[in-house]
Amino acid sequence: MFEWIRQLGRGGFGFFEKLGRSNLFLLKTLAGIPSVLRRPYLLIAQLLSVGVLSLLLIAVSGLFVGMVLALQGYNTLVDFGAEESLGVVVALSIVRELGPVVTALLFAGRAGSALTAEIGLMKATEQLSGMEMMAVDPVHRVIAPRFLAGVLSMPLLAAIFSAVGIYGGYFVGVGLLGVDDGSFWSQMQSKVDLHEDVYNGVVKSLVFGVVVSWIAVFEGYDTVPTSEGVSRATTRTVVYSAFAVLGLDFVLTALMFGDY
Amino acid sequence: MTETSTQTGPDTLVNIRDLRFSRGERVIFDGVDLDIPRGKVTAIMGPSGTGKTTLLRLIGGQLYPDHGTIEVDGQDVPQLRRSALYALRKRMGMLFQSGALLTDLSVFDNVAFPLREHTDLPEVMIRDLVLMKLQAVGLRGARELQPSELSGGMARRIALARAIALDPMMIMYDEPFTGQDPISKGALLQLIRLLNDALGLTSIIVSHDVEETAAISDYIYVISQGKVVGSGTPEDLRKTDSDWVRQFMQGLPDGPVHFHYPAPEYIEDLLNV
Amino acid sequence: MKQTKTTELLVGVFIVAGVAALFVLAMKVSNLSSFSQADGYTLTAHFENIGGLKVKSPVTMAEYDCPGPTIG
């Protein structure tokens with residue numbers, strides 16, 4: 001009976017320990033950013049593997065999301081005779097929510113898990129240890145560039161998702177469903193505010209970028225250095241990132257778009 | 001403690017006194033005294049799991065002892081601040097069991113890594129230095145290969161070239177002969193001895209390959225159950241009257257380290273099922 | 001380390017694409033364009049009955065849409 005309580009306690013301690021470790025780790029990583037900027041080739045190589053290689057996934061997903069949104073939006077709006085406002089529906093949904101959030105989830109699944117696996121594997125094969133013994137700080141040389149690349153890539157990817165998505169919606173709405181070209185764009189332009197919507201969307205994607213990149217590199221750095229450990233860590237990256245993104249999205253949305 | 005002929009003095013590079021270290025409940029070191037003389041090859045041997053790798057990590061400052069002092073070249077390692085520790089590490093080379101080469105870099109870049117990170121030398125000079133180090137280990141022709149294309153023995157030799165890139169004062173070898181075929185083993189053995197003498201290094205080899213290691217070592221420490229159970233030159237240890245040491249050096253299956261894992265009485269165990 | 005030209009090129013393209021997307025969002029999608037209404041003017045009119053019009057509703061005239069006029 002008491003064993004169960006003891007287990008709970010141990011789990012609780014473990015949770016707080018991990019939280020503490022991850023925060024200290026974040027501070028160390030941030031401290032390593034200046035040294036990354038001094039050696040841009042590290043950052044550029046990571047931008048390639050984290051950002052550029054996610055581009056196709058994000059663009060295609062954005063396209064389909066935009067197209068489906070136009071279809072669904074039209075079906076509902078047409079009952080109220082408001083199908084001319086389709087542009088508004090598509091744009092606001094994507095720029096405010098779907099762009100940042102879906103991009104973050106896809107990013108966590110593709111780039112985040114790859115980062116975790118790569119770092120975890122380096123830990124398991126003693127490469128991080130070897131670097132330490134050669135008096136090179138692995139947090140500065142391996143972790144910080146990857147973290148920074150993730151943070152920088154996210155808003156760019158989210159913007160691409162949004163832009164492609166809106167054009168996808170345009171293609172379906174105006175091209176296939178016969179919504180008026182002019183009103184599609186003009187209504188959108190009057191309803192989508194640069195500061196309220198676009199800017200807040202970018203802020204959201206930056207926040208998500210920091211959180212997802214942080215989770216991904218930390219899980220990799222903290223793994224049990226066995227193949228089983230690495231596989232469990234990559235799963236954790238995706239799961240925790242999903243929770244964090246969706247949870248933060250609620251908080252940010254309430255802050256940004258709520259009436260207060 | 002049995003025969004410990006310590007050789008303290010300015011000729012000692014590494015001084016370990018009364019080292020105690022536990023991982024969780026397991027006591028790994030329980031009062032260990034070691035002296036590593038400069039310019040010589042010293043072997044640290046013992047059965048698997050006695051924490052020999054842990055000892056190297058303690059010397060390198062990756063782990064902190066629970067008690068005791070570890071002095072390398074006069075500096076107390078656990079007390080060092082980060083920048084001083086990093087400065088000391090630049091003068092230490094370490095050869096990991098797996099080589100620990102960076103998998104995303106070519107052989108050339110791997111050996112060049114410490115030079116590029118810690119010096120401002122121009123690329124032309126770095127190229128020359130890398131080629132010289134590779135030549136010393138006999139793998140100059142492999143410089144464009146990727147680590148994934150190397151055999152285990154080759155990877156270790158590249159790692160050795162990398163370890164001597166900054167001309168360190170000492171090199172630590174973590175189980176260098178494990179899992180090697182006779183030819184690679186022979187090559188590595190010769191290299192370790194040659195480099196030690198030619199470059200004036202101090203070498204610490206952690207291994208349980210008795211024959212090979214004894215062949216090239218000047219001094220041996222045998223560690224078992226967290227303590228030093230024997231030390232001396234290879235000759236001394238061959239003539240030892242310690243049961244521990246004899247069992248280890250001669251590879252006897254039973255002795256002070258028992259063959260059978262602790263278990264209840266055999267007959268009772270069989271009959272109780 | 002080894003910085004291939006391809007890597008740099010691709011990363012450059014990526015960043016340009018991202019920034020361009022941000023521009024599209026700013027220019028074509030948001031109301032930034034309606035800030036620069038140099039060729040427009042403000043009309044003040046009194047209505048007795050505004051039907052279902054609300055603030056910021058787009059107003060159209062007869063056969064074509066005006067991208068400009070909003071009720072403010």
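Below, read A as the first sequence line, B as the second, and so on, with proteins coming before strands; counting in each chain starts at 1.
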- [ ] Would you mind checking which part of C/Val13 comes under 4.5 Å of any heavy atom in chain A, side chain (CB onward), backbone (N, CA, C, O), both or neither?
- [x]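 Contact with chain A is absent: no heavy atom of C/Val13 under 4.5 Å.
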
Task: Close side-chain approach of C/Thr7 to A/Tyr41, heavy-atom, < 4.5 Å - done: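 They are not in side-chain contact.
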
Open item on the list: With a 4.5 Å cut-off on side-chain heavy atoms, are A/Leu48 and C/Phe14 touching?
Closed with: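 No, too far: nothing below the 4.5 Å cut-off.
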
Part of [X] lying under 4.5 Å from any heavy atom of chain C:
{"X": "A/Leu47", "result": "both"}
{"X": "A/Ile166", "result": "side chain"}
{"X": "A/Tyr199", "result": "neither"}
{"X": "A/Val202", "result": "side chain"}

Open item on the list: Under a 4.5 Å cutoff for heavy-atom pairs, which residue among A/Gly51, A/Ala158, A/Ser49 has the most contacts with chain C?
Closed with: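 Looking at each of A/Gly51, A/Ala158, A/Ser49 in turn, A/Gly51 comes out on top.
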
TODO: Grab the two heavy atoms, one from A/Ala159 and one from C/Gly18, that are nearest each other, plus how far apart they are.
DONE: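 Nearest pair, atom of A/Ala159 first, then C/Gly18: CB-O, 4.0 Å.
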
Task: Heavy-atom pair with the smallest gap, counting every atom of A/Val95 and C/Leu25 - done: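 A/Val95 and C/Leu25 have their closest heavy atoms at CG2-CD2, 4.0 Å.
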
